[in-house]
Amino acid sequence: MVQNIKSNRIEILLQVLLWVAISYVANSLTKVSENFEQNINGTVISKIIVRSAFPLSLVTIACMLLLFYSNILWLLKLILRWKSLFFRLSVIIGWTLLLFLTDYCIVSALLPQNGIR
């Protein structure tokens, strides 16, 4: 029993670390930095501006979390009882497309139309 609780804690910790790493990489890859140097009376002033090229990457990561855990914890358990492989695959593909479409609609609605925030 103690071994099982310890194993569950390690699995949960690994899942949390995985998603923290994924969110860090997604946020890091969507950052754009600009370096401006200005010479004022012989003094060089450097200014670095870091902007996010995709500020809603956390929304996409949340949809990825929903996709992953809903498939693993809910959908796969539900469809394993079905006999038809076609219905199994169509439900999984349909659910995946629905979540990607939801993510696309949320992100496109929240992003400004001209691309500049």
Side-chain angles (χ1 to χ4, degrees):
M1 183 69 174
V2 174
Q3 182 73 16
N4 193 15
I5 292 173
K6 197 179 276 189
S7 174
N8 285 342
R9 287 182 182 168
I10 291 173
E11 289 177 20
I12 291 171
L13 178 66
L14 288 175
Q15 288 289 315
V16 168
L17 288 176
L18 170 79
W19 288 105
V20 166
I22 288 173
S23 64
Y24 174 76
V25 168
N27 286 326
S28 296
L29 290 177
T30 59
K31 299 274 190 228
V32 178
S33 65
E34 300 170 6
N35 187 9
F36 297 103
E37 291 185 4
Q38 188 176 17
N39 190 348
I40 300 175
N41 297 330
T43 305
V44 177
I45 298 173
S46 180
K47 185 176 184 181
I48 298 173
I49 299 173
V50 178
R51 291 184 295 120
S52 179
F54 184 58
L56 298 171
S57 61
L58 291 178
V59 173
T60 301
I61 290 173
C63 285
M64 287 171 49
L65 274 163
L66 180 65
L67 174 68
F68 179 74
Y69 289 110
S70 66
N71 274 336
I72 295 298
L73 299 175
W74 170 67
L75 195 60
L76 290 178
K77 289 180 182 179
L78 177 73
I79 67 168
L80 283 178
R81 293 182 228 143
W82 298 352
K83 294 193 187 299
S84 174
L85 180 65
F86 174 75
F87 287 130
R88 287 179 185 179
L89 290 177
S90 61
V91 166
I92 290 176
I93 291 170
W95 181 250
T96 303
L97 290 176
L98 176 71
L99 285 176
F100 275 104
L101 183 65
T102 303
D103 177 50
Y104 175 76
C105 290
I106 291 171
V107 168
S108 63
L110 293 176
L111 279 178
Q113 297 301 323
N114 59 2
I116 300 171
R117 183 165 277 212

If hydrophobic clusters are built by linking Ile, Leu, Val, Met, Phe, Trp and Tyr wherever their side-chain heavy atoms come under 4.5 Å apart, do F68 and L66 end up in the same one?
yes
Can you tell me how far apart OG1 (T102) and CG (L97) are? Round to the nearest 0.5 Å.
10.5 Å
By side chain to side chain donor-acceptor pair (under 3.5 Å), which residues pair with Y69, not counting sequence neighbours?
Q15, W19
Common cluster, I93/L98, ILVMFWY with side-chain heavy-atom separation under 4.5 Å
no
Interatomic distance, OG@S70 vs CG@L99, rounded to 0.5 Å, equals 5.5 Å
Any residue meeting side-chain contact (heavy atoms from CB on, under 4.5 Å) with F87, in chain and number order, not counting sequence neighbours:
W82, S84, S90
Does T96 have any side-chain contact (heavy atoms from CB on, under 4.5 Å) partners at least two apart in sequence or in another chain, and if so, which?
L67, N71, I92, F100
Linked hydrophobic residues, L101 as query - side chain contacts closer than 4.5 Å:
none
Which heavy atom of S23 sits nearest a heavy atom of I61, and at what distance?
CA-CD1, 3.2 Å
Any E11 side-chain heavy atom under 4.5 Å of N8 side chain:
yes
Considering all heavy atoms of both residues, which atom of M64 and which atom of I22 are nearest to each other, and what is their separation?
CE-CG2, 4.1 Å
Under the rule for side-chain contact (heavy atoms from CB on, under 4.5 Å), what residues qualify as partners of L89, not counting sequence neighbours?
L85
Considering residues at least two apart in sequence or located in another chain, which fulfil the side-chain contact (heavy atoms from CB on, under 4.5 Å) criterion with V107?
F54, L56, V59, T60, D103, L111
